[in-house]
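Contents: one structure, followed by commentary.
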Amino acid sequence: MSESDTSRHFLRQWIEKDVAEGKTGGKVVTRFPPEPNGYIHIGHAKAVCVDFGMAELFGGECHLRLDDTNPAKESDEYAANIKKDINWLGFQWSGPGDGAEAGFYNASNMFDTMYRIAENLISAGQAYCCNLTQDEWKEYRGVPEKPGRPSPSRDTSPERNLRIFREMKEGKYADGEWCLRAKIDMASPNIHFRDPVIYRIRHVAHYHLGDKWCIYPMYDFAHPIEDALEGVTHSMCTLEFEVHRPLYDWVVDRLDEMGMLVERGGVKIRPQQREFARLNITHTVMSKRLLLQLVTEGHVGGWDDPRMPTVCGMRRRGYTPGAIREFCERVGVSKVESESDPLLLEWCVREELNKTAQRRMAVLDPVKVVIDNFDGVREVELPNNPLDEGAGTRKIPFGREIWIERADFMEEAPKKFFRMAIGQEVRLRGACIFKAASCVKDAEGRIAEIHGTWDPESWGGNAADGRKVKGTIHWVDAATGVAAEIRLYERLFTEKDPLKDGPAGFLKYMNKDSLKLAQGFVEPLLAKAAPGERFQFERTGYFVADEKDFTAGRPVFNRTVSLKDSFKA
RNA sequence: UGCCUCGUGGUGUAAUGGUAGCACCGCAGAUUCUGAUUCUGCUUGUUGGGGUUCGAGUCCCUGCGAGGCAACCA
């Protein structure tokens with residue numbers, strides 16, 4: 001996408017201005033800082049597009065930094081999959097990195113430095129150790145509309161606090177017994193300024209550093225340090241951090257006083273934070289906690305269940321990285337909290353797949369048709385993609401017995417039913433014109449088999465006498481068609497806002513029909529698909545060979561999205 | 001209700017004091033060997049009230065509405 005095509009949203013204008021004013025030292029540096037405590041979802045994908053996208057636009061670099069400052073819920077599994085998903089979306093981190101890998105950082109690799117900074121703060125009388133219990137602290141801090149009260153430890157000496165902080169680090173105290181607080185302003189209308197906790201004791205092993213630490217820095221302290229020390233110029237995050245910004249700036253000021261800001265191109269790099277609205281999509285949930293609940297309670301098959309809004313789930317569903325990026329681009333960047341319609345996402349994926357996916361025929365709900373006056377075997381040749389001549393053609397066997405879609409036949413056709421009906425001509429896609437004569441039903445009155453005749457003058461699909469046939473339906477040759485499992489997905493929730501009754505009640509809005517299994521037949525070529533390969537099943541939708549379960553002996557396809565259907569009875 | 005942020009068609013987003021535009025959705029029609037695609041047309045909007053200005057979606061005041069902040073989470 002060219003520069004002029006992308007939106008000139010407020011973050012872009014902000015960076016443009018800073019670049020023009022020379023604040024970046026010649027290089028725009030951003031970062032994407034996920035906590036490795038879950039899989040990334042479409043909401044993170046928007047942040048990825050913003051963070052990496054802005055760096056790309058300005059010819060700078062975007063760091064991938066795992067914000068692993070709270071070991072309780074973090075793991076290597078999550079870390080590895082976050083990296084995989086970002087790469088799949090089409091982005092690559094760059095920059096020096098804090099280890100062997102360019103552009104890659106762990107916040108935890110900065111713990112030594114953070115500890116020293118904390119000590120400096122204590123020495124300067126700007127931080128102190130506090131042993132108020134959490135309940136006491138809550139009471140001391142007060143409520144937003146009234147000033148808080150100072151902790152009894154607030155004015156203790158740096159020497160004493162240095163000692164206690166060291167003892168905290170050495171494991172002398174239990175979780176919660178002491179913490180380190182920044183000394184700022186107990187009367188501030190901004191709660192985050194009321195001497196926020198910046199280090200707490202957690203006797204928990206860290207997935208990356210093991211047992212090295214039993215004290216861990218808090219986000220508000222760690223994040224600005226990470227940004228500053230990495231030389232990040234523009235730190236973009238979601239709206240709920242807006243109230244934290246003064247604290248972010250406070251920490252950056254302290255680093256400046258300590259002479260710790262990095263210099264680039266003769267300019268001291270002061271990281272700045274700005275906030276944009278997170279992506280919300282109707283008919284789904286986006287919180288990691290709720291997604292985890294869906295997984296652990298077995299409501300879905302896993303983080304990569306194709307109904308999940310996770311990046312891995314969407315990949316398995318058949319969404320393309322391009323469609324997801326296009327969606328994020330079209331949704332835009334602003335400060336307005338909004339809810340996007342999943343229809344736009346669906347439009348984006350159809351838009352791409354229409355141009356790129358090869359066409360195939362598959363019958364999802366089969367009923368047999370016998371062409372009474374047809375003998376032998378023929379081959380039909382159809383383009384793989386009528387929109388792309390380079391995609392070539394393929395040959396499909398055609399015989400006396402075929403499968404068609406149950407919904408494509410009615411005994412008596414209503415006025416606008418252009419498909420197969422008794423006495424009505426219909427075209428069998430690419431093959432010939434067919435007229436149904438009769439049907440047989442089973443004991444329950446269900447159509448079991450349809451009989452009829454073809455027009456031998458119409459091979460290829462057009463009548464010799466030039467008469468028009470309005471309807472064309474797809475089919476699969478019964479002799480060579482391959483049985484396949486086809487998974488039909490719909491939205492996970494029936495309710496526009498599944499959280500409308502609060503986070504406790506969202507499960508009752510789950511869509512019972514979000515997954516339907518179909519046993520159908522597909523044209524022979526489809527058995528040779530590669531897992532992850534995407535197709536358009538003509539007249540039906542876009543499908544992907546399941547990346548986990550597909551085998552040539554047992555083809556499994558997931559419906560990414562249906563084709564638009566304007567048929568009205 | 002202390003502080004902060006935000007209000008433009010059904011949805012998302014432009015217009016940065018000068019004709020309220022684009023996209024999705026929806027609706028109609030044309031084309032079509034996919035009821036897809038493509039093409040054409042249409043419906044729908046600046047939160048209320050004041051003010052500044054030749055001129056206000058934009059600036060000011062005020063009301064209304066929505067969201068955020070009171071984890072030793074991020």
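Everything quoted here is computed from the prediction, not taken from an experiment. In what follows, every chain begins at residue 1, and chains take the letters A, B, ... in the order their sequences are listed.
The closest side-chain donor-acceptor pair between H63(A) and E230(A) falls under 3.5 angstrom.
At the phosphate of A36(B), OP1 or OP2 sits under 4.0 Å from a side-chain N or O atom of S566(A). Between R8(A) and A14(B) there is no side-chain polar atom (N or O) within less than 4.0 angstrom of OP1 or OP2. Listed pair S334(A) / C6(B) fails the phosphate criterion, with no side-chain N or O lying under 4.0 Å from OP1 or OP2. For C73(B), one of the phosphate oxygens OP1 or OP2 lies less than 4.0 angstrom from a side-chain nitrogen or oxygen of R200(A). Remark: R245(A) is not in phosphate contact with U5(B), judged by side-chain N or O atoms under 4.0 Å from OP1 or OP2. Neither OP1 nor OP2 of A71(B) sits under 4.0 Å from any side-chain N or O of R289(A). An OP1 or OP2 oxygen of C72(B) is reached within less than 4.0 angstrom by a side-chain nitrogen or oxygen of W137(A). Contact check, R141(A) against A71(B): a side-chain N or O comes under 4.0 Å of OP1 or OP2.
A gap of 15 Å separates the C1' atoms of G65(B) and U8(B), to the nearest Å. Taking atom C1' on both nucleotides, A15(B) is separated from A20(B) by 7 Å, rounded to a whole Å. Distance check on atom C1': U58(B) versus U47(B) gives 15 Å, rounded to whole Å. Spacing between G57(B) and A70(B) at atom C1', rounded to whole Å, works out to 36 Å.
With rounding to whole Å, Y140(A) atom OH is found 17 Å from A71(B) atom P. Per the geometry, NZ belonging to K564(A) stands 15 Å off C1' belonging to U32(B), to the nearest Å. In this structure, E145(A) atom CD and C69(B) atom P are separated by 15 Å, rounded to whole Å. For the pair H283(A) NE2 and U11(B) P, the interatomic distance rounds to 13 Å; values are reported in whole Å.
For the pair H41(A) (side chain) and M286(A) (backbone), a donor-acceptor distance under 3.5 Å is present.
Comparing G35(B), U34(B), G67(B) by their closest approach to the side chain of F418(A) singles out G35(B).
For A23(B), the base adopts the anti conformation, since its glycosidic angle falls more than 90 degrees from zero.
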